[in-house]
Amino acid sequence: MILPFYDVIVVGGGHAGCEAATAAARLGSKTLLITMDMGKYAQMSCNPAIGGIAKGQIVREIDALGGFTGVVADRSSIQFRMLNRSKGPAMWSPRVQNDRFRFSEYWRDILENTDNLDLWQDAVIHLIIEDGVVKGVKTKIGVEFQSKTVILTNGTFLNGLMHIGQSKMEGGRIGESASYFISDQLAEAGFKTGRLKTGTPVRIDGRSIDFSKLTEQKGDEGYYKFSYLPAVKSELKQRSCWITHTSPEVHKVLEKGFDESPMYDGTIQSTGPRYCPSIESKLITFAEKQQHQLFLEPEGETTHEYYLNGFSSSLPWQVQYEALRLIEGLENAKIYRPGYAIEYDYFDPTQLYHTLETKYISNLFFGGQINGTTGYEEAAAQGIVAGINAHLKAHEEPEFVLGRDEAYIGVLIDDLVTKGVDEPYRMFTSRAEYRILLRQDDADARLTPRAFQLGLASQERIDLLEEKLRLRDEIIDFVSNFSIKPQYINQLLESKNTSPLKQGVKLRDVIARPQISIFDVVEPVTPFKKMLEKIPLDRFEEIVESAEILIKYSGYIEREKLMADKFKRLENIDIENKFDYGSIHTISTEARQKLSKIRPKTIGQASRISGVNPSDINVLLVMLGR
């Protein structure tokens with residue numbers, strides 16, 4: 001039997017693998033996605049949610065590029081919240097609770113109906129490599145698939161080892177086998193590998209929870225969602241989350257189990273996520289705190305299963321259970337399964353180019369937790385970039401790279417390949433220099449034109465964007481030229497505790513006030529209301545709000561654009577293969593070592609490498625004659 005020859009093979013059907021496979025296939029590459037369980041595409045291994053601080057911006061960027069994470073998240077949503085609404089729009093971050101079963105089901109539907117994409121259930125145990133170039137993969141049942149490029153998106157499955165107290169189980173997820181042999185093969189090829197840890201909390205039967213003792217947290221009402229496609233929305237029943245807290249009594253029980261905790265008896269030596277710590281880590285790090293907030297999150301529209309966010313643990317199950325039943329509202333709780341920790345292999349991401357192709361083996365790409373990240377959103381972002389670039393490499397076309405001023409995805413990948421990781425990497429708004437430029441509301445304006453040029457974003461997406469920008473600019477033009485008299489607006493201004501007008505001003509000046517929303521002035525200003533009637537109802541809030549953001553924050557936005565343009569000049573100074581860093585004795589020893597290891601492409605990238613100082617950069621600029 002002659003098997004088909006592929007342009008792109010994707011190994012792993014998680015969030016990174018699904019985005020990589022669909023991106024490559026839709027761009028025209030003959031693509032194969034290999035996964036160990038076709039019933040668990042894009043499985044939500046930990047919490048049943050997408051988005052959050054900075055992560056929500058990433059999902060909107062994936063959607064703007066033509067990816068599917070936002071679409072699937074919207075369709076399977078059972079609660080939506082816009083986080084940080086009390087702050088400026090640079091900090092607004094969308095987040096949804098999802099039906100985890102529907103999430104995976106919708107992804108499978110997309111995969112099975114994507115042209116150029118074949119699916120295969122199996123485990124990859126060996127990469128076929130010839131003269132430093134990957135040529136395909138060999139599977140556990142002995143099948144060899146040939147391809148021009150390969151993308152590894154193995155998640156937590158590479159030599160995965162789970163811990164519950166003193167019990168150890170090999171696997172990449174509870175009840176699922178680990179993946180072996182690839183780590184050893186890559187290590188033999190010269191790759192630097194390491195071990196990281198993540199964890200997940202207990203799952204609870206909702207029928208045993210006393211919700212009368214808990215604080216209800218409902219979702220937001222309104223139009224917000226991830227996808228810019230107006231027809232994409234959830235048809236599922238919306239559900240609430242619930243808040244409770246630990247107590248000193250809970251802490252005492254948990255501390256009794258520390259002697260049997262694999263985190264503290266030396267069994268687990270790998271590093272866990274600093275920003276999503278286990279409950280054991282919280283008790284050690286924040287010993288003075290008398291309580292920690294916990295969130296009960298529903299796992300689906302109809303299931304009774306709840307996820308206890310904030311209670312991740314690898315303690316013995318008996319200790320987890322005893323402590324759980326001392327938490328208010330959970331006194332009679334029944335559990336489906338305890339929390340556990342998992343250790344897995346990753347590869348130092350400084351061994352990658354910005355395309356996510358490896359430096360040591362040509363045509364081999366890495367995406368997701370294999371690069372030391374944590375989170376569905378970070379994985380999906382790497383997946384779509386790896387998928388695009390694997391397609392481009394297979395067809396000998398120019399690479400696709402996003403800058404730090406273009407997208408949070410650009411910040412994520414640049415951080416990984418420039419700085420590396422010593423703990424699971426999680427995206428935050430604070431990691432981005434240009435947060436005002438990288439807002440969740442304008443990801444389509446930033447990225448859809450580039451994706452359309454590639455052929456990944458559809459004509460529908462570019463048409464929607466052009467309509468949005470045209471209507472947005474018409475709103476800004478109208479309010480910038482329309483004068484409003486005091487008698488028409490002062491009652492509103494006084495009700496909002498802001499100074500009344502003494503004379504007529506442009507409507508834009510009223511909207512620019514922090515106390516006033518653009519939606520407040522629609523009813524009092526009849527001509528404005530009439531002008532807005534041309535905006536499609538299913539996009540009304542999105543378009544009007546995008547105009548308001550530009551009106552209120554235009555000064556900040558322009559200033560940040562100038563900063564980005566200034567620093568971009570460094571990004572355009574090419575230094576790839578221009579220096580033998582080991583021979584430059586006028587820079588520090590650490591700088592020589594780091595520059596030799598990472599081999600930055602530009603002065604800008606070199607300046608962001610930990611251990612490379614401004615004086616080292618000045619030396620390189622002098623050597624370039626600048």
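Values in this document were obtained by computation on a predicted structure and should not be read as measured data.
Using modelled atom types, one finds no donor on one side chain facing an acceptor on the other under 3.5 Å when comparing Y224 with R95. Using a 3.5 Å distance cut-off with no hydrogens or angles, the side chains of S45 and Q43 do not pair a donor with an acceptor. Between the side chains of N371 and T373, no donor N or O sits under 3.5 Å from an acceptor N or O. For the residue pair T246 and H251, a side-chain donor N or O sits within less than 3.5 Å of a side-chain acceptor on the partner. With hydrogens and angles left out, the side-chain atoms of R60 and Q440 include a donor and acceptor closer than 3.5 Å. Side-chain contact, Y180 with N159: no donor N or O sits under 3.5 Å from an acceptor N or O. When only modelled atom types and interatomic distance are considered, Q121 and T35 share no side-chain donor-acceptor pair under 3.5 Å. Between the side chains of E343 and H163, at least one donor N or O lies within less than 3.5 Å of an accepting N or O. Checking N309 against N47 by side-chain atom types alone, no donor-acceptor pair falls below 3.5 Å. Side-chain contact of S93 with Q57: a donor-acceptor pair under 3.5 Å is present, judged by distance alone.
Scanning both residues, L117 and A21, for their nearest heavy atoms gives CD1-CB, 3.9 Å. When every heavy atom of T271 is checked against every heavy atom of P424, the shortest pair comes out as O-CD, 3.6 Å.
Atom CZ of residue R207 and atom CG of residue N332 lie 14.0 Å apart, to the nearest 0.5 angstrom. For the atom pair L33 CG and C18 SG, the distance stands at 6.0 Å (nearest 0.5 Å).
The distance between the ring centers of Y306 and F211 falls below 6.0 angstrom. Between F295 and H245, the ring center distance fails the sub-6.0 Å criterion.
At most 12 heavy atoms of other shown residues, nucleotides or ligands fall within 6.0 angstrom of atom NZ in K334. Residue F181 qualifies as open at atom CZ: its count of foreign heavy atoms under 6.0 Å is 12 or below. The local environment of NZ in K282 is crowded, with over 12 non-hydrogen atoms from other residues, nucleotides or ligands closer than 6.0 Å. In this structure, E170 places its CD atom where only 12 or fewer heavy-atom neighbours from other residues, nucleotides or ligands lie under 6.0 Å away. For E221, the CD atom sits in a loose shell: 12 or fewer heavy atoms of surrounding residues, nucleotides or ligands are nearer than 6.0 Å.
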Original post:
Is there a side-chain contact (heavy atoms from CB on, under 4.5 Å) between I413 and V385 once you walk through the steps?
Top reply: CA-CA 9 Å; I413 293 175; V385 171; 3.7 Å; yes
Original post:
Can you list the steps and then say if N154 with Y344 is a side chain to side chain donor-acceptor pair (under 3.5 Å)?
Top reply: CA-CA 10 Å; N154 304 76; Y344 57 93; over 6 Å; no
Original post:
So S77 and Q97, side chain to side chain donor-acceptor pair (under 3.5 Å) or not? Walk me through it.
Top reply: CA-CA 6 Å; S77 170; Q97 293 294 141; over 6 Å; no
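Here D345 pairs with R195 in a salt bridge; the nearest charged N to carboxylate O distance falls below 4.0 Å. The existence of a salt bridge linking E235 and R75 is excluded, since no basic side-chain nitrogen approaches an acidic carboxylate oxygen closer than 4.0 Å. Under a 4.0 Å N-O distance rule, the pair E301/R239 does not qualify as a salt bridge. Comment: K140 does not engage D122 in a salt bridge, judged by the lack of any side-chain N to carboxylate O separation of less than 4.0 angstrom. Using a cut-off of 4.0 Å between Lys/Arg side-chain N and Asp/Glu carboxylate O, E305 and R337 are scored as salt-bridged.
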Could you give the side-chain donor-acceptor pairs of residues 283-293 under 3.5 Å, partners two or more places apart or in another chain?
| residue | atom | partner | partner atom | Å |
| --- | --- | --- | --- | --- |
| T285 | OG1 | S281 | O | 2.9 |

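No cation-pi contact links R435 to Y408, judged by a cut-off of 6.0 Å to the six-membered ring centre and 45° from its axis. In this structure, R85 satisfies the cation-pi test against W92, with its NZ or CZ atom closer than 6.0 Å to the six-membered ring centre and inside 45 degrees of the ring normal.
In this pair, F366 and F191 present their aromatic rings tilted. The plane angle is within the 30 to 60° band.
Proximity of W107 to T69: side-chain heavy atoms (C-beta onward) are separated by under 4.5 Å at one or more points.
Partner of I335 under the side chain to side chain contact (heavy atoms under 4.5 Å, CB included) criterion, chosen from L324, D205, L330: L324.
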